[in-house]
Protein chains: 2
Amino acid sequence: MTTKPMLAAPMPPDIAPIENVPLRVQVADRLRSAILSGRLRPGTGLVETALAEQMNVSRAPIREAIQILENDGLVETIAYKGKRVKPLTAREVAETYSLREVFEVMAVRRILENGAPLDLLREHCDAMTEAAEADDFEALVAADEAFHHALIMLADHDLLLASWKNLYLRIHQIMALRNRDEHNLTEVAGNHPPIVQALADGDADRAVKLISDHTRILAAFDPATIAQDL
Amino acid sequence: MTTKPMLAAPMPPDIAPIENVPLRVQVADRLRSAILSGRLRPGTGLVETALAEQMNVSRAPIREAIQILENDGLVETIAYKGKRVKPLTAREVAETYSLREVFEVMAVRRILENGAPLDLLREHCDAMTEAAEADDFEALVAADEAFHHALIMLADHDLLLASWKNLYLRIHQIMALRNRDEHNLTEVAGNHPPIVQALADGDADRAVKLISDHTRILAAFDPATIAQDL
DNA sequence: CACTTATGGATTGTCGACATTACACAACAG
DNA sequence: CTGTTGTGTAATGTCGACAATCCATAAGTG
């Protein structure tokens, strides 16, 4: 009866836990990284054969990788015509941020209902403050993402987390395409501690208002900077 | 020598504007329909070779179709192991409805801000009432979806619409797996007109509360009915 | 010259075959 | 009988080649 193979040795004996990553995933990761970093700008055409030769793989993994990115909403396909990095319109940018606001407000409400611990958030706040003082843009962006990621995770809602992650891909892309001068680092960093404080106080209305305002500040942008029709 | 009829008229000459639908899309549509109708229950394994032979196509379109469904969140893949219709846990069902609530609340708020016309909503309300009086479950479900779809569309937010559509796929699936006896048709139908009225009155708080309550009523379910670990 | 009609090239769509991996079961040793 | 090891099978992963489609451009016609 080997319905469930109970292993006497519960350890993974392999020294090398080499996760066997399918090629399509590797390709998708590389392409996604290129898009999110802004190296592959919106509107750039993605030709399967060229990518296949460039990465020394067959077209099949390339196709599937591109489809993954399409699912992420980063690429769009026109049948028999071509595939390209999805153009970013000003409207899409605005919608992305407004949806993010709704997600984060939902997270705040759930955190207050469930009474999640706030230590993580405080840590990320400190990291942001340090980054702002050092005028380190990359570090601040990383800490900011960590903060909001933690915020969503504390909401304990897998579907919300997945949706937020997907949405945040575009946030990443947008920020990469932006001019960093648009951001006031100290102001961005300073926005966060009050949110944590409001959460600690259990003040839902204040926390919601703070997180909303914070998101809206980030959403303020110059459409001409990134919006492209092609 | 093309046999194509030469037409002086600049009109689209083909009587049949046969949209050339890729096989992967046709396959994806068929599979999605089967899943959403409950014919393919959660946990069911999807074997590429079997499906390929069954539908008389190669494995490539099948693979890509399954990946589309994976993007829809209806299928999950375990590398080198197999693919199956994603099992529905009680938690996922609850999360699906709670996220839907957030989406619809967002739509209500935007509708009130933008002052969208409400005629469409009233029409769908009437259709639901008729369906409830005729005890026609299918018609009520259709009218209900039309109502909520219209609600989201009136919010004039493409990203919200896309997210809602994706989420509603699972709602479809859940409803198909449910016992229809769980629903009180007249009650469900009766929930909607007050929402429209609140919108017409411009009463944001009341509209939000009504839509929230309505969603939560729908979310009430017996986990054992649909939840499956395998 | 204006307008229609071929034609060529480039790109995606589909196919069948082979490679790789993981699990289950049998064979075997203690 | 218990635990380990080998082997087979079934599934996905990857590949190269061919077909279908669209677009741009050139050729032809009044």
Side-chain angles (χ1 to χ4, degrees), chain A residues 1-14 16-31 43-70 75-85 230, chain B residues 1-14 16-31 43-70 75-85 230:
Chain A
M1 293 323 173
T2 62
T3 51
K4 290 278 188 178
M6 287 306 209
L7 299 181
M11 298 289 300
D14 298 0
I18 307 169
E19 293 245 6
N20 204 333
V21 181
L23 270 184
R24 61 165 180 273
V25 176
Q26 297 181 39
V27 172
D29 288 346
R30 283 184 59 176
L31 288 178
T44 306
L46 300 175
V47 179
E48 294 174 359
T49 55
L51 292 172
E53 191 164 351
Q54 186 178 331
M55 299 192 183
N56 277 89
V57 296
S58 167
R59 271 183 56 218
I62 298 283
R63 281 177 65 82
E64 300 186 354
I66 288 182
Q67 211 174 20
I68 291 176
L69 297 179
E70 210 172 342
V75 169
E76 70 181 1
T77 300
I78 304 167
Y80 291 107
K81 176 102 186 283
K83 328 207 170 189
R84 62 176 181 179
V85 181
L230 181 67
Chain B
M1 243 51 88
T2 61
T3 55
K4 246 181 184 169
M6 349 179 185
L7 301 178
M11 299 286 299
D14 298 359
I18 307 169
E19 293 247 5
N20 204 333
V21 180
L23 269 183
R24 60 163 178 272
V25 176
Q26 298 181 37
V27 172
D29 288 346
R30 283 183 58 178
L31 287 178
T44 306
L46 299 176
V47 179
E48 294 175 0
T49 54
L51 293 173
E53 191 166 350
Q54 184 179 333
M55 299 191 184
N56 277 89
V57 295
S58 168
R59 269 181 57 216
I62 300 282
R63 281 177 66 81
E64 300 186 355
I66 288 182
Q67 211 173 20
I68 291 176
L69 297 178
E70 209 173 342
V75 169
E76 70 180 2
T77 299
I78 303 168
Y80 291 108
K81 175 101 188 282
K83 327 205 171 191
R84 61 176 182 180
V85 181
L230 184 68

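First the proteins, then the strands, lettered A, B, ... as listed; each starts at 1.
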Given D:dC23, D:dT12, D:dA20, which nucleotide is nearest the side-chain atoms of A:K81?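 For the A:K81 side chain, the nearest candidate turns out to be D:dC23.
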From the set C:dT12, C:dA22, C:dT14, return the single nucleotide nearest to any side-chain atom of B:L23.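 Output: C:dT14.
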Round to a whole Å and report the spacing from [atom1] of [X] to [atom2] of [N].
{"X": "B:E48", "N": "D:dA11", "atom1": "CD", "atom2": "C1'", "answer": "8 Å"}
{"X": "B:I78", "N": "D:dT12", "atom1": "CD1", "atom2": "C1'", "answer": "12 Å"}
{"X": "B:E70", "N": "D:dG13", "atom1": "CD", "atom2": "C1'", "answer": "14 Å"}
{"X": "A:Q67", "N": "D:dG13", "atom1": "CD", "atom2": "P", "answer": "13 Å"}
{"X": "A:I66", "N": "C:dT12", "atom1": "CD1", "atom2": "P", "answer": "7 Å"}
{"X": "B:I62", "N": "D:dA11", "atom1": "CD1", "atom2": "P", "answer": "14 Å"}
{"X": "A:Y80", "N": "C:dT12", "atom1": "OH", "atom2": "C1'", "answer": "7 Å"}
{"X": "A:E64", "N": "C:dG13", "atom1": "CD", "atom2": "P", "answer": "13 Å"}

Tell me what B:R63 touches on the nucleic acid: a base, only sugar-phosphate, or nothing, going by heavy atoms under 4.0 Å.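 Base, at least one base atom sits under 4.0 Å.
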Across the strands shown, which category fits A:L46 at heavy-atom distances under 4.0 angstrom: base, sugar-phosphate, nothing? sugar-phosphate
Looking at B:K83, I'd like to know whether one of its side-chain N or O atoms comes within less than 4.0 Å of OP1 or OP2 on D:dG13. yes
Please say which of A:T49, A:L51, A:I66 ends up in a side chain to side chain contact (heavy atoms under 4.5 Å, CB included) with A:R59. A:T49
Determine whether A:L31 and A:M55 make a side-chain contact, defined as any pair of heavy atoms from C-beta on separated by less than 4.5 Å. yes
Just to be sure I understand the geometry, which residues of residues 53-61 of chain A put a non-hydrogen atom under 4.0 Å away from DNA chain C?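 DNA chain C contact set from residues 53-61 of chain A: A:R59.
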Could you tell me the separation between the CG atom of A:L23 and the CD atom of A:E64, rounded to the nearest 0.5 Å? 10.0 Å
A:E48 CD to A:S58 OG distance, which is reported to the nearest 0.5 Å: 10.0 Å
Under 3.5 Å donor-acceptor, A:Q26 side chain and A:V21 backbone: yes
Determine, stepwise, if the pair B:R63 / A:Q67 fulfils side chain to side chain contact (heavy atoms under 4.5 Å, CB included). CA-CA 11 Å; B:R63 281 177 66 81; A:Q67 211 174 20; over 6 Å; no
Closest non-hydrogen atom pair between B:A65 and B:A28, with its separation: CB-N, 3.6 Å
